[in-house]
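Here the structure is laid out as structure tokens; the discussion comes afterwards.
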Amino acid sequence: MGAFNDKVFEAVRQIPYGCVSTYGDIARAIGQPRKALFVGFAMKSSLEEGAVPCHRVVYKDGSIYASDDEERPSIQKQMLVKEGVPFIDETHVDLNACHWIPGASDRLGRPDDIDWEAEMAEE
């Protein structure tokens with residue numbers, strides 16, 4: 001793949017069974033806090049089925065990837081339900097109950113080896 005994707009996959013592999021992280025959590029964990037969208041692209045490019053638990057990555061509001069079929073829950077939802085991940089409605093996981101932040105070292109789950117003031121400054 002590439003160095004970025006490899007870092008994403010390694011971080012996602014750390015998400016415990018029955019827990020979820022957000023695209024932003026993963027981006028911050030790999031030191032690329034502004035690259036949550038690219039984490040999503042990496043998830044889509046994961047070719048080895050089951051090698052990376054992509055289903056454990058959700059949007060920042062807890063929503064899951066939308067199903068193409070309104071009559072059937074998404075595969076992501078089926079996999080999360082099987083792991084016991086709680087939902088607050090049909091399309092949102094209960095982040096208060098199952099949110100896992102990789103490498104959390106402060107209240108916001110940001111790794112402490114990054115100069116956050118410089119990283120988040122306007123360019």
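Residues Pro33 and Arg28 form a side-chain contact, since some pair of their non-hydrogen atoms from C-beta on lies under 4.5 Å apart. Under the 4.5 Å side-chain criterion, counting only non-hydrogen atoms from C-beta, Val57 is in contact with Val12.
The shortest heavy-atom contact between Arg13 and Val52 is NH2-CG2, 3.6 Å. Minimum heavy-atom separation, Ser45 to Phe9: OG-CZ, 4.0 Å. Here the closest heavy-atom approach between residue Ala36 and residue Ala27 is recorded as N-CB, 3.7 Å.
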Steps toward side chain to side chain contact (heavy atoms under 4.5 Å, CB included) verdict (Ser21, Trp100): CA-CA 5 Å; Ser21 286; Trp100 182 80; 3.4 Å; yes
Full working for side chain to side chain contact (heavy atoms under 4.5 Å, CB included) between Val8 and Met43: CA-CA 8 Å; Val8 168; Met43 296 294 89; 3.4 Å; yes
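By the side chain to side chain contact (heavy atoms under 4.5 Å, CB included) test, Leu37 is found to be paired with Phe41, residues two or more places apart in sequence or in another chain being considered. Legend: residues meeting side-chain hydrogen bond (donor to acceptor under 3.5 Å, both in side chains) with Glu83, ordered by chain and number and at least two apart, are His55, Arg56. Phe4 pairs by the ring-ring contact (aromatic ring centres under 6.0 Å, His included) definition with nothing, not counting sequence neighbours. Take Tyr23 and apply the ring-ring contact (aromatic ring centres under 6.0 Å, His included) test, not counting sequence neighbours, and it matches Tyr59.
Atom CD1 of Ile88 is separated from atom CG of Asp61 by 8.5 Å, given to the nearest 0.5 angstrom. The line from NZ of Lys77 to CD1 of Ile75 is 14.0 Å long, rounded to the nearest 0.5 Å. For the atom pair Ser63 OG and Glu90 CD, the distance stands at 13.5 Å (nearest 0.5 Å).
Between the side chains of Asp25 and His99, a donor-acceptor pair is found at a separation under 3.5 Å.
Other members of the cluster containing Leu95 are Val20, Val58, Ile64, Leu80, Val81, Val85, Phe87, Val93, with ILVMFWY side chains joined at under 4.5 Å, either directly or via other members.
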